[in-house]
Amino acid sequence: MRAATPLLDVRGLTKHFPLKASPGNKSGVVRAVDDVNFSVMRGETLGIVGESGCGKSTTARLLMHLINPTAGEVIFEGKVVGSRDLPMKEFHRQVQMVFQDSYSSLNPRLTVEASIAFGPQVHGVSEKEAVKRARDLLARVGLEPARFAGRYPHELSGGQRQRVNIARALALEPRVVILDEAVSALDKSVEAQVLNLLLDLKQDFNLTYLFISHDLNVVRYISDRVMVMYLGQVVEMASTDAIFASAKHPYADALLSSMPSMDPDQRTEAPPISGDPPNPINPPSGCRFHTRCTFAESVCSSRSPQLTSIDETHRVACLMYEANVQHPRSRVNVLKVAA
Amino acid sequence: MNASLSIPAASVAAIEQSPGYWSGVFKRFLRDRVAMIAAVVVLVLVLLALFGTYVTPADPYQSSMLKRLKPIGTEGFLLGTDELGRDMMSRLMVGARLSLFMGITPVLFAFLIGSVIGIIAGYTGGWLNTAIMRTVDVFYAFPSVLLAIALSGALGAGIGNALISLTLVFIPPICRVAESVTAQVRSRDYVEAARASGANAFAIIKTHVLGNVLGPIFVYATSLIAVSMILASGLSFLGLGVKPPEPEWGLMLNTLRTAIYTQPWIAALPGLMIFITSISFNMLSDGLRSAMDVKQ
Amino acid sequence: MSQDAIIEIKDLEVVFGSGSAAVRAVNGVTLRVERGQTVALIGESGSGKSVTLRSLLRLHAPKKTTIKGNIRVAGHDVLSLSSSALSNFRGEVCSMIFQEPLLALDPVYSVGDQIVESIQRHKGCSRAEANKKALELFERVKIPSPERRLAAYPHEMSGGMRQRAMIALALACDPQVLLADEPTTALDATVQIQILLLLRELQKTLGLSIVFVTHDIGAAVEVADRIAVMYAGQIVEEGDVRTIMRAPRHPYTKALLQSRAHGSLDRGQRLATIPGAPPDLAKLPPGCAFAPRCTYAQDECREGTIALISLGESHSARCRRTDVTHLPHTESVET
C-alpha cells in the first residue's frame, strides 16, 4: 500500500537549547521542541498553528536540518534523513522552505535570477540551465522574467519578493515545501494573491505543504489537516474540518475561540483564556497547559498526557481523553458510548 | 515603493538589467562633496608617489652645506631646504612614494589575512570562533603604537620588518570587524536558505557572504591607512623603519626636529603632509561608508 | 448619536521630504470622532493610517514634514500648540499606545517608576499619591499581583503584560483620547483578544474616545463603533461598523473584505484578489488612486478630485461609481 506510507515521518523530534547561567537565573534549557511526532502524507497540506514559543518555527528548522535536533529523527519516504540511504544534500533537494521575512531571505547583492539559480547550481545544474529554470519559475510565480530577472531585492515590493522566495524554493524541484509564516508579513490583498499562487503551484507541481502560521483563518483556508502546538508539544492533530468544528483539547479550543469575530453583532464577550503563554524555560510539570486550563485537576500537574487517538484521524494530548486516568471530567466513556 | 507600475511591460524578451549595487554606491559617492575632495587629494598623492621622481624641480638627494635651512620661498627652492641643504619640495614629492607605501601595504596585507581569519571565525562560530577571537584579543590588548614598536624592535630595523610588524598590528582589528560583520550576515535568512539548498560552506561563503562583508571590511581598512602612515612615520622617527637618506615624511620630521627653532615652518612641512594624507583617507572612508549604506 | 466631537481633523495633508521625492503620505483626511466613540482606521501598509494617527500628537519630525490642514482635539488646536503646551497636551488630553511596548517603555526604569514619574510631572502630586494611582491603574488594566509587577522592568514582563503596562502608562494622566497604533498586531491570538476586550472595557468605564489603527479587520470589528478605510493617504469609506461590514460601497473596501481567507470559504476555492499593488505615494495617479486596480473604474475615475459622497446617515464613500457598487459584480470575484 503506497498510499499508506507517509512522505515525511517525524519521530521523537526534540530540541533543547542550553541556556547560559546569568545572575539571578540558574542555567537551564529551553525546551523548544519536546518529543514531537507526526507524519505528512503525499500531496496534503499540514497546517501547524500555535503561539510564539510553541516551537512551530523550531520544528520547521529542525525538519530542514538547519539546526541539529537533540533527539529524534526525520524519515523521508521510509529513509532516515542523513543516513547513507538519504544524504542530507539529496534530502534538501526534496524539501525546501520559504521564510517569513521576504527581504532578509534574499541576498541584497544578487539579482533575483541569480538568487533562484543558486540552488540548482549547487546540485550540479549548469549555469545556463539554472538561469533558464530561474526565468521559467519567475514567469510561473507571476513575475515577468524580462522585467524582473535582472532586478535586486530592494527594487521589489514585499509581495514580489515573496514570489521570488517561492520560486527559489521551487528551483530544486522539491516534493515538500515548508512555508514558515510565509504570508504573515504581507498585506491582506497581497496575501490573497500569494495564497492563490500557492494553491496553483501545489497542483501543478504535486507539492506537499507544511504551512506554519499564527493566522488561523489562513490555516483553515489552506490546510487539509491541522496540528496545534503548545510549549514545544503537539496538543491536538486532526482534519481541518474536525478541529474547527470541535477542537477537543482545551487549549486548541481556546485558541480557535480567540479568533476575532467578523460580525459586529457577535463580538467576543469574554476572553477564552487569561494570561500569556508561559516561558518555555522550565515549562509547567505534567500537562504544560494546566496552569491556564479551566478543566485542570490535580492529576494534570503530575502526569504528562500522551497523544491519544479518539478516532481514525483525530488525536489529542489531554488527560480527559486518556484511558485509565482519574480525571473527574474524563471524556473516554462518553466517546466510547458515541462510538 | 513599487517602481514596476510606471515601467511599461517590455514586449521583447530582453532581460532588463538593473543598475547594480555598486553603480548606486558610485552615484552617491559622486554627490558627496567632502569625499570627492578627499578622493582628488588621494589621487594627487598617488600620482606623486608613482611619478614624483620624474617631475621634481631638483635632485632630492643633492645636499649643499651652503644652502642649509633656507626659508620657504627662496629663489630656486620653493619650499626651502632641509638641514642638509636638500630641496624640500623635491623631497616631499618623492617622500610620498615611501610614505604611502608604508601606509597602504601593511593595511592591504592585514586586510587580506584579517578578512580570511575573521570570515572563517564569523561563519563557523562555536569553539573555532572562540579560539580565534580570544587569540586576536591578546594582540588587541596592547596599544597599537607599543605593539608596532615592540615587534619592529624585536625584528630589527628596516623597511621589510617595519611592514611585517605593521601588518601584524592591523590584523587583529580587521579580523574583529570581519568576524562581527560575517556573524551578522550568517544569521540572515538568505544564508539559511542557501544552507537549506544543500550548499556547502565554501559555496555559501563565495556567493552569499563575501559580497556582503568585503565592502564594510574594506571601508574599515581604508580608515586604517591613516593610522598606518602615522605609525610608519613613528617607526622611521625612531630609526626602526626607513633609513636616511631616503625621503620619507616621518623620517624627515625626525631629522628636521633640530631645526624646529630656526625654521619652524620647514620642520612642520612633513607633518603637514602626513596630516593631509591621513585626513583625506579618513574622509574617503567616511564617504565610502555612507555611500554603501543602502537605506530602504 | 450627534454628540459633540472630541476630535476634528479637517483636510489634513502630510508630506514627507520635498521636491520630486516628496512622499504624500496623507492627502486630505477629514475625520470626526465623537466623545466616547471608538473609530478604527484600517488600511494596508502605506495607506497613511499611522501617519494620520501620529499627526494627532504631532509626533512627526518637524523639519522633514509638511503638515497642512486643521486638527482639533478636545478644543486644542494641535497644529499651533507651543512646544510646552504640546507636552502637556500629550498625556493629559491625548495619549498613545504602540505596537511594540518594548520600544515605547524605557528599559532602565521599572514600569512602576515610569508611571509614577509621569503622574508626578503632569499632576504635581506627591510620590505617595502617585504610587497609589499607579497601583490603581495596574489593577484597572488587570495585571495580576500588581504590587509586585510595578517593580518589574519591561524586559521581565511577557508581551501581553507589557502591553497592559503601556496602556496603564498611557492612562496615567487621565487623558480623554487614547490613540492606539496596531496595539495587538505583535501579540499572540489568545492574548490579542484579551487586550481588545480590555480596550473595549476601558473605553466604556472611563468614557474614553479611541482611535484605533489596524490592518486587521477582525480586531477593528471587536472594538470599533465606526470604521474608516484608508487607501493611498485618503479615507475612501467611512461608516458605522455594521454598515462597513455588511454593505460596503467603495470598491476597495469590498475587495478588501472579499480577499480575506475566512471560515465560510471552501478549501481550494480561490480567493478574490485585488490586482496590482498600491500606488507610489511620490507619484500618485490623477483622479481616484484606486482606479488602476478597480474593477468598476471608468474613464471619469481617472481625472479630477474624487469627492466624498454621502450614502445615508454617517456613511460616506470617496467613489464616483457608488450607484453600481452595491450591486453584485461578477468580475470582482474570480473563481
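This is a predicted model, so every value here is computed, not measured.
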task = Assess whether atom CD of Glu139(C) is packed by more than 12 heavy atoms of other residues, nucleotides or ligands within 6.0 Å.
result = yes
task = Please determine, among Leu187(C), Val223(C), Ile217(C), Leu256(C), the option with the most heavy-atom pairs under 4.5 Å with chain A.
result = Val223(C)
task = Return the option, out of Leu255(A), Val218(A), Ile273(A), with the maximum number of heavy-atom pairs under 4.5 Å with chain C.
result = Ile273(A)
message = Please identify which of these residues, Met157(C), Gln163(C), Met161(C), meets the side-chain contact (heavy atoms from CB on, under 4.5 Å) condition with Asp276(A).
response = Met161(C)
message = With a 4.5 angstrom heavy-atom cut-off, is it the side chain or the backbone of Pro144(C) that approaches chain A, or both, or neither?
response = neither
key: Residue among Arg200(C), Arg164(C), Met245(C) with most heavy-atom pairs under 4.5 Å to chain A   = Arg200(C)
task = Would you give the length of the straight line joining atom CG of Asn217(A) to atom CG of Asp216(C), rounded to the nearest 0.5 angstrom?
result = 8.5 Å
key: Closest non-hydrogen atom pair between His215(C) and Lys188(A), with its separation   = O-CG, 4.4 Å
request  = Side chain from CB out, backbone as N, CA, C, O: work out which of these in Glu269(A) comes under 4.5 Å of a heavy atom of chain C, or both, or neither.
outcome  = both
ask   = How long is the gap from OG1 on Thr268(A) to CG on Leu196(C), to the nearest 0.5 Å?
value = 8.5 Å
ask   = Are any non-hydrogen side-chain atoms of Glu191(A) and Arg260(C) less than 4.5 angstrom apart?
value = no
message = Tell me the closest heavy-atom pair linking Arg242(C) and Pro264(A), and the distance in Å.
response = CG-CB, 3.8 Å
request  = Taking the side chain as every heavy atom from C-beta outward, state whether Val191(C) and Pro277(A) have any pair of such atoms under 4.5 Å apart.
outcome  = yes
key: Toward chain C, the part of Leu195(A) with a non-hydrogen atom under 4.5 Å   = side chain
ask   = Are Ser274(A) and Gln194(C) linked by a side-chain donor-acceptor pair shorter than 3.5 Å?
value = no
message = Surrounding CZ of Arg140(A) (heavy atoms of other residues, nucleotides or ligands, distance under 6.0 Å), is the total greater than 12?
response = yes
Any side-chain donor near an acceptor of the partner, Glu51(A) and Thr190(C), under 3.5 Å = yes
message = When you compare the side chain of Arg270(C) with that of Asp200(A), does any pair of heavy atoms fall below 4.5 Å?
response = yes
remark   = Whatever's closer than 4.5 Å to a heavy atom in chain A on Gln192(C) counts as side chain
query = Tell me, side chain or backbone of Ala224(C) under 4.5 Å from chain A's heavy atoms, or both, or neither?
reply = backbone
query = What residue, out of Gly159(A), Pro272(A), Gly275(A), has the most heavy-atom pairs lying under 4.5 Å from chain C?
reply = Gly275(A)
note = Looking only at heavy atoms, the pair that brings Ser258(A) and Ala189(C) closest together is CB-O, 3.6 Å
ask   = Under 3.5 Å, is there a donor-acceptor pair between the Ser261(A) and Glu222(C) side chains?
value = no
query = Are any non-hydrogen side-chain atoms of Ser189(A) and Thr273(C) less than 4.5 angstrom apart?
reply = no
inquiry  = As an exercise, state the distance from CD1 of Ile193(C) to CE of Met259(A), rounded to the nearest 0.5 Å.
reply    = 10.5 Å
query = Between Ser52(A) and Asp188(C), what is the shortest heavy-atom contact and its length?
reply = OG-OD2, 2.7 Å
remark   = Under 4.5 Å to a heavy atom of chain A? For Leu197(C) that would be side chain
remark   = All heavy atoms of Ala219(C) vs all of Pro260(A), minimum pair found to be N-CB, 4.0 Å
task = May I ask you to say whether Arg246(C) pairs ionically with Asp263(A), meaning some side-chain N is under 4.0 Å from a carboxylate O?
result = yes
ask   = Any sub-3.5 Å donor-acceptor pair from Asp187(A)'s side-chain atoms to Glu44(C)'s backbone N or O?
value = no
